[in-house]
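This report concerns only the one structure given below.
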Amino acid sequence: MAKLTVKDIDIKGKRVLMRADFNVPLDESGEISDDTRIRAALPTVNYIIDSGAKLILTSHLGRPKGKVVESLRVDVIGRRLEELLGKKVRKLNDCIGEEVEGAVRIAEESDVLLLENLRFHPEEEKNDPEFAEKISKLADIFVNDAFGTCHRAHASTDGIAKFLPAVAGFLVQKELEHFQRVLENPERPFAAILGGAKISGKIEVIENLLDKVNALLIGGGMAYTFLKAKGLDVGDSLVEEDKLELAASLQKKADDVGVSFVLPLDHVIADEFSASAKTENTAGSEIPSGWRGMDIGQAAVKKFIEILKDAKTVLWNGPLGVCEFAPFLAGTRAIGEYLAESSATTIVGGGDTAAAVNKFGLAPRFSHVSTGGGASLEFLEGKELPGIAALKDK
Ligand code: AMP
């Protein structure tokens with residue numbers, strides 16, 4: 001269902017509270033090590049400023065667990081925003097209360113205020129209605145542009161929408177459009193690539209996708225449970241013994257509905273889980289004992305690319321190997337490089353896969369790289385995200 005966006009309502013002269021996802025990584029000295037999330041919010045921020053509204057920005061940062069944690073104050077975000085906007089950003093010392101209300105009262109059109117870390121208050125994550133009402137008093141309109149937190153029903157993503165007209169920002173709108181198109185009306189053939197550590201975190205994604213895709217390519221740690229379920233030797237690879245039956249039934253379901261279910265033909269194996277392990281590329285899909293699968297092998301990469309050549313839509317969630325360690329990132333990089341050149345619609349779910357394509361410098365050449373890890377996963381599971389459900393339908 002399409003949602004109203006900030007463009008669909010009149011915001012001139014209004015007080016607009018925008019929930020952003022400024023939860024950026026900080027280095028040891030407390031400086032921002034990657035400002036992608038701040039930049040991702042800029043189109044909506046600039047639109048609101050240019051429309052002559054008073055902009056009140058709010059976000060969480062890190063996990064302060066309901067207490068004030070000095071190192072998680074959002075001043076550092078305010079400073080980066082000032083640089084990016086070329087404009088004063090008034091950082092406040094709380095997100096509710098008289099002082100904040102006073103600052104909003106005296107703010108002028110196109111002024112930018114930044115509220116303190118929402119999660120200094122335990123009520124935020126509890127979706128406390130009184131807390132939501134207190135934040136809502138600061139504004140006339142609520143704009144949610146924090147896609148990365150839309151899978152959480154918190155006061156600033158869900159509760160607040162009961163007190164204010166709630167619309168989507170441009171980032172949320174873009175994420176919704178891409179995921180809805182790929183799940184509801186993909187250009188075919190449609191291939192999904194799933195990787196990552198375990199099946200257990202992705203069962204619902206696999207089940208949901210089996211009804212939608214033409215091909216499902218499996219790599220990463222989860223491949224070994226599927227291979228073992230087929231009776232193959234996987235050595236000391238990561239296997240979820242309690243998921244073997246489920247793995248077999250998912251493969252059977254794929255066969256029943258005519259989805260090509262593709263497992264790695266070979267692997268890069270290691271004699272221990274470490275970046276300095278001894279490594280080899282296997283000759284086939286089995287792995288001897290004493291060795292573990294750490295990446296898809298060269299034949300697997302070739303096979304995956306052969307299938308991806310025909311695809312008009314490709315969805316990718318989860319690295320294909322332990323790409324934190326240099327010897328095991330070749331599979332993820334090769335598939336990333338192939339997709340970056342492909343003319344298909346290419347969508348990357350957030351989290352580790354987004355981090356990998358960013359690291360390889362490939363992100364701009366994908367159709368869409370999601371900014372939400374957990375949020376994109378829940379979308380792919382076919383769930384309605386609370387932060388999206390709370391927004392007004394178009
Ligand atoms: P997820 O959060 O489920 O997407 O998993 C991401 C993690 O999967 C990354 O930290 C990878 O190191 C890990 N991973 C990928 N391939 C393997 C593998 N073959 N064995 C163990 N872990 C893996």
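Position 1 is the first residue of the sequence, and the numbers go up from there. Just follow the structure's listing: the first ligand is 1, and inside any ligand the first atom is 1.
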For this session: May I ask you to identify, for Asp352, whether its side chain, its backbone, both or neither come under 4.0 Å of ligand 1 on a heavy-atom basis?
Result: side chain
Exercise. Is Asp21 salt-bridged to Arg37, cutoff N-O under 4.0 Å?
Worked result: yes
For this session: Kindly assign one of parallel, tilted or perpendicular to the pair His267 and Tyr224, based on the angle between their ring planes and the thresholds 30° and 60°.
Result: tilted
Exercise. Are Val213 and Ile203 co-members of a hydrophobic cluster defined by side-chain heavy atoms under 4.5 Å apart?
Worked result: yes
Exercise. Taking distance alone, with no angle check, do Glu324 and ligand 1 share an N/O pair under 3.5 Å?
Worked result: yes
Exercise. Of the listed options (Asp295, Val268, Thr332, Val322), which comes nearest to atom 20 (N) of ligand 1 when hydrogens are ignored and any heavy atom counts?
Worked result: Val322
Problem set entry | Under 4.0 Å to a heavy atom of Met294 - the qualifying atoms of ligand 1, by number | 19 (N)
Exercise. So, Gln173 and Thr5: side-chain donor and acceptor under 3.5 Å apart, yes or no?
Worked result: no
For this session: Could you tell me whether some N/O pair between Gly221 and ligand 1 is separated by less than 3.5 angstrom?
Result: yes
Exercise. Hey, does Pro319 come in under 3.5 Å of ligand 1, counting only N/O atoms on both sides?
Worked result: no
Exercise. So is Tyr224 polar-close to ligand 1, meaning N/O to N/O under 3.5 Å?
Worked result: no
Exercise. Salt bridge or not for Lys3 and Glu175, using N-O below 4.0 Å?
Worked result: no
Exercise. Taking the non-hydrogen atoms of Gly293, is any one of them nearer than 4.0 angstrom to ligand 1?
Worked result: yes
Problem set entry | Protein heavy atom at shortest distance from atom 7 (C) of ligand 1 | Ala197 N, 3.8 Å
For this session: Consider ligand 1: state whether an atom of it lies below 4.0 angstrom from any non-hydrogen atom of Gly321.
Result: yes
For this session: Report yes or no: does a heavy atom of Lys202 sit under 4.0 Å from some atom of ligand 1?
Result: yes
Seminar exercise, completed: Distance col, row Ser274:OG vs Met294:CE, nearest 0.5 angstrom, shows 7.0 Å
Exercise. What orientation do Phe147 and Phe179 show, parallel under 30°, tilted 30 to 60°, or perpendicular over 60°?
Worked result: parallel
Exercise. Could you go step by step and tell me if Arg79 and Asp75 meet the salt bridge (Lys or Arg N to Asp or Glu O under 4.0 Å) rule?
Worked result: CA-CA 6 Å; Arg79 288 196 292 276; Asp75 298 66; 5.1 Å; no
